[in-house]
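Step one of this worksheet: look at the structure below.
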Amino acid sequence: MGSIGVLMLIPMNTYLEQELQKRYNLFKLWTAPQKPQFIKEHANSIRAVVGNAGAGADAELIEALPRLEIVSSFSVGVDKIDLAKCREKGIRVTNTPDVLTEDVADLAIGLMLAVLRRLCESDRYVRSGKWKKGDYKLTTKFSGKTVGIIGLGRIGMAVAKRAEAFNCPICYYSRTEKSDTKYKYYPSVVELASNCQILVVACPLTEETRHIVNREVLNALGPKGVLINIGRGPHVDEPELVSALVEGRLGGAGLDVYEHEPEVPEELFGLENVVLLPHVGSGTVETRKVMADLVLGNLEAHFSNKPLLTPLV
Ligand SMILES: O=CC(=O)O
């Protein structure tokens, strides 16, 4: 397979990069001083694109690669890939579902605990020597809080199961009510936010879910409510989130994702009721290795005319 051209869009995982290098004719887009020129030069050799949550195959890239057969994403989210264009052109698309579910759900619970129990702030309290001058103030209990989940898919379910172990009642919003769960369903996000104390975004980003958390939802969640976003930044109207937090209309937020990564609104930096992570939901050594193997397995299956392991398109 050494002659098959594979375009990797950004650096994402050293093991994946090394394996792609061994198996294919690997083009690393980020190393090119002039990207459009680089793509033009190699367009006729590139048959696969490897991207991730930060960089996918948009319409422009797909149009520029006439021999493209497959886009294999090192991520579960595929909002950076023009799926309609791939369908139209018969380009296959794969992602890395399931293998990262546990890590992302673990992180969601970690964010809930970190925000309510002020883990980061109290860590800073110890490190800065303030403890010597007095005890840290009381925080808020997590166990038993009602957790509302937007999107009860694989990750949403995994968050629900974990939160249940903390005696948290679970409710959810999704496009349609699920028949196979006992969790309480609300037919709108505003109703969900009005009836929970912790609101978790765990749905895929699509045109319908962009800004699904808006001013009305944040006001419904209220000054004691906490927003956890382990989905995508554009699920939340970020300027509205910032003003809700700054004005005290929202109780707190645990964020792993942002509208314009890696830009994070600086107004949040001074808020002790906010925990900010750098989009690391699946970021463990173990999970990233399995994700890399899934990308490699999908490419291998495709180029050996075998069924794809995790086909999306
Ligand atoms: O954000 C990470 C992913 O989609 O896998």
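Numbering of ligands and ligand atoms starts at 1, following listing order. In this chain, residues are counted from 1 in sequence order. Here the structure is a predicted model, which is why all the values come from computation and not from measurement.
- Atoms of ligand 1 lying under 4.0 Å from at least one heavy atom of Gly77, given by number and element, are 3 (C), 4 (O).
- The Val76 neighbourhood of ligand 1 comprises atoms 3 (C), 4 (O), 5 (O), with distances under 4.0 Å to a heavy atom of that residue.
- Under the 3.5 Å distance criterion, the side-chain polar atoms of Ser243 are matched with a main-chain donor or acceptor of Pro239.
- Ligand 1 has no nitrogen or oxygen under 3.5 angstrom from a nitrogen or oxygen of Ala53.
- Under 4.0 angstrom from ligand 1, the non-hydrogen atoms of Ser75 come from both its backbone and its side chain.
- With Asp293 contributing its side chain and Leu296 its backbone, the two residues share no donor-acceptor pair below 3.5 Å.
- Residue-level proximity to ligand 1 for Thr96 is absent, since no heavy atom of it falls below 4.0 angstrom.
- Near His279, meaning under 4.0 Å from any of its heavy atoms, are these atoms of ligand 1: 1 (O), 2 (C).
- For ligand 1, the atoms lying closer than 4.0 Å to a non-hydrogen atom of Leu100 are 5 (O).
- A cation-pi contact, defined as under 6.0 Å to the ring centre and within 45° of the axis, links Lys184 to Tyr186.
- Between Tyr125 and Tyr136, the two ring planes are perpendicular [angle over 60°; tilted spans 30° to 60°].
- For Ser282, no nitrogen or oxygen atom sits less than 3.5 Å from a nitrogen or oxygen atom of ligand 1, counting backbone and side chain alike.
- Relative orientation of the Phe38 and Phe27 rings is perpendicular, given thresholds of 30° and 60° on the angle between their planes.
- Leu111 and Leu277 get closest at one heavy-atom pair: CD2-CD1, 3.6 Å.
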